[in-house]
Amino acid sequence: MVNALLEARRVLVAGGIVIDVRPVTAPAIIESVSADRVTAAVEIDSHGAAEDEAAADAAVRHALSRAWFAFERSRPFDFEVYYDSAADLKAFVETSKRMREARIPYQELEERRSELGAATGQPSRLRCHRPWITSVYRKASP
């Protein structure tokens, strides 16, 4: 990532910005939801890329220490993904490098989703919250 930041520095005009958007090392929260109700959540350790996160943090620290960029601001946000069933969630997880190793109770989640749908008489889905952060860095003058 240091090389990517060096290249960003090369191509940006003075005062141009770099936006860093990535997941935070924190559990994902999976809930069953219907139009007007949310059931108890299940926490899943889904990050699985602590080494990648540490490398990205080190690269940003390196760029800041060389005064390539100046930090402007960071804002956390929840990235939400909806799945129609636990099978849909499982299909996604099997293709995800970061979540593939997560221990997810698919049967329990599907039971909760079905129970919520039966209790409310409305379609229910699974919602996965993952905390992310957006950071903005401005290119320093040459």
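We count residues from 1, following the sequence as given. Because only heavy atoms are used, hydrogens play no part in the values below, and waters and symmetry mates are left out as well, while side chains stay in.
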* Between Val18 and Ala8, what is the shortest heavy-atom contact and its length? -> CG2-CB, 4.0 Å
* Asked: Between Ala59 and Leu5, what is the shortest heavy-atom contact and its length?
  -> O-CD1, 3.5 Å
Are [Y] and [X] linked, directly or through intermediate hydrophobic residues, by side-chain heavy-atom contacts shorter than 4.5 Å (ILVMFWY only)?
{"X": "Tyr106", "Y": "Tyr83", "answer": "yes"}
{"X": "Val38", "Y": "Leu116", "answer": "no"}
{"X": "Leu64", "Y": "Leu12", "answer": "yes"}

Distance check, rounded to the nearest 0.5 Å: [X] atom [atom1] versus [Y] atom [atom2]?
{"X": "Leu89", "Y": "Arg127", "atom1": "CG", "atom2": "CZ", "value": "14.0 Å"}
{"X": "Asp88", "Y": "Arg113", "atom1": "CG", "atom2": "CZ", "value": "9.0 Å"}
{"X": "Glu31", "Y": "Leu126", "atom1": "CD", "atom2": "CG", "value": "10.0 Å"}
{"X": "Asp36", "Y": "Thr120", "atom1": "CG", "atom2": "OG1", "value": "6.5 Å"}

Report yes if some heavy atom in the side chain of [X] is under 4.5 Å from a heavy atom in the side chain of [Y]; otherwise report no.
{"X": "Phe92", "Y": "Val81", "result": "no"}
{"X": "Pro76", "Y": "Trp132", "result": "no"}
{"X": "Trp68", "Y": "Val2", "result": "yes"}
{"X": "Val24", "Y": "Phe77", "result": "no"}
{"X": "Val60", "Y": "Met1", "result": "yes"}
{"X": "Tyr137", "Y": "Ile17", "result": "no"}
{"X": "Ser32", "Y": "Arg125", "result": "no"}
{"X": "Arg10", "Y": "Leu6", "result": "no"}

* Asked: Between Arg22 and Asp20, does at least one N-O distance fall below 4.0 Å, as a salt bridge requires?
  -> yes
* Can we say Glu115 and Arg112 salt-bridge, meaning some charged N sits less than 4.0 Å from an Asp/Glu carboxylate O? -> no
* Show your working on side-chain contact (heavy atoms from CB on, under 4.5 Å) between Val33 and Tyr82 and close with a plain yes or no. => CA-CA 9 Å; Val33 298; Tyr82 289 81; 3.9 Å; yes
Looking at [X] and [Y], would you say the former's side chain and the latter's main chain have a donor-acceptor pair under 3.5 Å?
{"X": "Ser34", "Y": "Ser124", "answer": "no"}
{"X": "Gln122", "Y": "Ala35", "answer": "yes"}
{"X": "Glu110", "Y": "Ala86", "answer": "yes"}
{"X": "Ser114", "Y": "Glu111", "answer": "no"}
{"X": "Arg75", "Y": "Thr134", "answer": "no"}
{"X": "Lys139", "Y": "Gly16", "answer": "no"}

* Go through the steps for Lys90 and Ile104 under the test side-chain contact (heavy atoms from CB on, under 4.5 Å), then give the verdict. => CA-CA 9 Å; Lys90 186 175 184 178; Ile104 301 174; over 6 Å; no
* Indicate whether any N or O donor in one side chain lies under 3.5 Å from an N or O acceptor in the other, for Ser135 and Ser74. => yes
* To do: Flag yes if more than 12 heavy atoms outside Phe79 fall under 6.0 Å of its CZ atom; otherwise flag no.
  => no
